[in-house]
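Start at 1 with the first residue, then count along the sequence. Since this is a predicted model, take the numbers as computed values, not measurements.
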Amino acid sequence: MSDFSTLLVSFLLIHTLCDFYLQPKHWIKEKEEKKHRSPKLYLHSILHGVALLIPALALKIDWINIASIISIVTITHFAIDLWKVSTSKGDAFSRFAIDQILHVLVFIITAFYITDSITITELLQHDQLPEATMITFAYLLILKPTSVAIGCILSKYPISGGEKESVNGLVAGGELIGYLERILILTFTLVGSYAAIGFVLAAKSIFRFGELNKSSDRSMAEYMLIGSLVSVVMTTLIGILVILGLDIGVE
């Protein structure tokens, strides 16, 4: 029996090929228009299941488990994709993210129960579980919670009426930029690549300078500068706390 990681990576490889490379754009368009009446929705789901025969046979999985894998992946992929094309709630990126997370969870659960090289008890008792939990918590903390904290801080610095519309237009894009910036800073902090952090800050400063230079309102400039600095400071502090918690040497 193959080990868990090999099985999971093989499944994810097939998923990536089928979902992004072997699915033409007109299939996606037809699924969105016809939903459950789209033949391409059924064909795409079946393709996902059948394609798993390749890694399953290569890894010498028995036929009973192969049949289970194909059935589970085909049915769940159909259900998830049907949900995605049938719902209009949330933006496109949110639906895409949820769609992919659900697919990955199916593969993780399937690989977990097929392989006999790992159990729940072994996972819970793994030496690196505390470290992995701490790092995961840090990444979760720098996203939405940090954005909420920054919003609370910025609420103390009101913007004049003429700049409010500009700020509202920057919120959505600024939040995404903040997410990406904090992910990069935390990642570079954890791996000790402090020069790369400087590059991220320098690159953002260049773009921010252009925005601030165009702004005729001092309060708008202060608002953007405070938000950027608070984001960097909070992420850096979280990164330092994780490093101390993991007892990672700082060079």
Side-chain angles (χ1 to χ4, degrees), residues 1-32 35-36 38-87 92-140 183 186-187 190-191 246 248:
M1 182 70 69
S2 302
D3 63 90
F4 174 79
S5 58
T6 302
L7 198 59
L8 179 59
V9 171
S10 300
F11 287 172
L12 293 177
L13 172 61
I14 294 298
H15 169 73
T16 302
L17 291 174
C18 293
D19 226 25
F20 297 98
Y21 293 94
L22 300 180
Q23 181 177 209
K25 290 184 178 180
H26 68 270
W27 283 24
I28 300 174
K29 184 177 181 180
E30 181 181 303
K31 289 194 298 182
E32 293 174 344
K35 298 179 174 54
H36 67 278
S38 170
K40 299 299 188 295
L41 176 60
Y42 295 89
L43 180 59
H44 177 66
S45 302
I46 293 173
L47 175 63
H48 264 272
V50 174
L52 291 175
L53 274 171
I54 299 174
L57 293 174
L59 296 174
K60 299 180 180 180
I61 298 175
D62 61 87
W63 282 101
I64 295 178
N65 281 326
I66 290 178
S68 300
I69 293 171
I70 294 176
S71 300
I72 292 172
V73 171
T74 300
I75 293 172
T76 56
H77 200 94
F78 174 84
I80 295 170
D81 275 20
L82 180 60
W83 164 82
K84 181 182 178 183
V85 299
S86 299
T87 183
F93 177 77
S94 297
R95 294 200 304 275
F96 169 78
I98 294 173
D99 169 73
Q100 293 302 314
I101 289 172
L102 291 175
H103 289 316
V104 172
L105 285 176
V106 170
F107 289 123
I108 290 175
I109 295 172
T110 303
F112 180 81
Y113 281 102
I114 287 179
T115 183
D116 57 3
S117 62
I118 189 171
T119 64
I120 294 179
T121 302
E122 290 175 343
L123 281 176
L124 295 177
Q125 294 178 348
H126 198 281
D127 293 338
Q128 295 182 343
L129 180 61
E131 288 82 357
T133 302
M134 185 180 298
I135 292 174
T136 301
F137 174 65
Y139 277 103
L140 292 176
I183 288 173
L186 180 58
T187 300
L190 295 179
V191 300
L246 298 178
I248 299 175

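For Ser86, the side-chain contact (heavy atoms from CB on, under 4.5 Å) partners two or more places apart in sequence, or in a different chain, are Lys35, Leu82. Annotation: side-chain contact (heavy atoms from CB on, under 4.5 Å) contacts of Ile80 (sequence neighbours excluded): Asp99, Leu102, His103, Val106. Tyr139 is linked by a ring-ring contact (aromatic ring centres under 6.0 Å, His included) to nothing, counting only residues two or more places apart in sequence or in another chain.
The minimum heavy-atom distance between Ser45 and His77, with the atom names listed, is OG-C, 4.0 Å. Phe96 approaches Lys84 most closely through the heavy-atom pair CD1-NZ, 4.1 Å. Of all heavy-atom pairs between Asp19 and His44, the closest is OD1-NE2, 2.9 Å. Across all non-hydrogen atoms, the minimal contact from Pro39 to Glu30 is CD-OE2, 3.1 Å. Contact detail for Lys40 and Trp27: the closest heavy-atom pair is CE-NE1, 3.2 Å.
For Phe20, the CZ atom counts as densely surrounded, since its 6.0 Å shell holds more than 12 non-hydrogen atoms of other residues, nucleotides or ligands.
Between the side chain of Thr87 and the backbone N or O of Trp83, no donor-acceptor pair lies under 3.5 Å. Without hydrogens or angle criteria, Tyr42 side chain to His36 main chain gives a donor-acceptor distance under 3.5 Å.
Within the structure, the salt bridge (Lys or Arg N to Asp or Glu O under 4.0 Å) test picks out the following pairs touching residues 68-81 (sequence neighbours left out): Lys31-Asp81.
In this structure, the separation between CZ on Phe112 and CG on Leu7 is 12.5 Å, given to the nearest 0.5 Å. One distance of note links CE of Met134 with CD of Glu131; it measures 7.0 Å at 0.5 Å rounding. Separating the OG1 atom in Thr115 from the CG atom in Asp3 is a distance of 6.0 Å, to the nearest 0.5 Å.
A 4.5 Å side-chain heavy-atom check between Leu47 and Leu43 finds every atom pair outside the cut-off.
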Name each donor-acceptor pair under 3.5 Å that joins a side chain in residues 8-16 to protein atoms two or more places apart or in another chain, with its distance.
residue : atom : partner : partner atom : Å
Ser10   : OG   : Thr6    : O            : 2.8
His15   : NE2  : Gln100  : OE1          : 2.8
Thr16   : OG1  : Leu12   : O            : 2.8

For residues 49-58, dump all side-chain donor-acceptor pairs below 3.5 Å to protein atoms at least two apart in sequence or in another chain.
none

Practice prompt. Dump the intermediate steps for side chain to side chain contact (heavy atoms under 4.5 Å, CB included) on Trp63 and Ile66, then the final yes or no.
Written response: CA-CA 5 Å; Trp63 282 101; Ile66 290 178; 4.1 Å; yes
Item to complete: Carefully, step by step, assess Ile135 and Leu246 under the rule side chain to side chain contact (heavy atoms under 4.5 Å, CB included).
Response: CA-CA 9 Å; Ile135 292 174; Leu246 298 178; 3.9 Å; yes
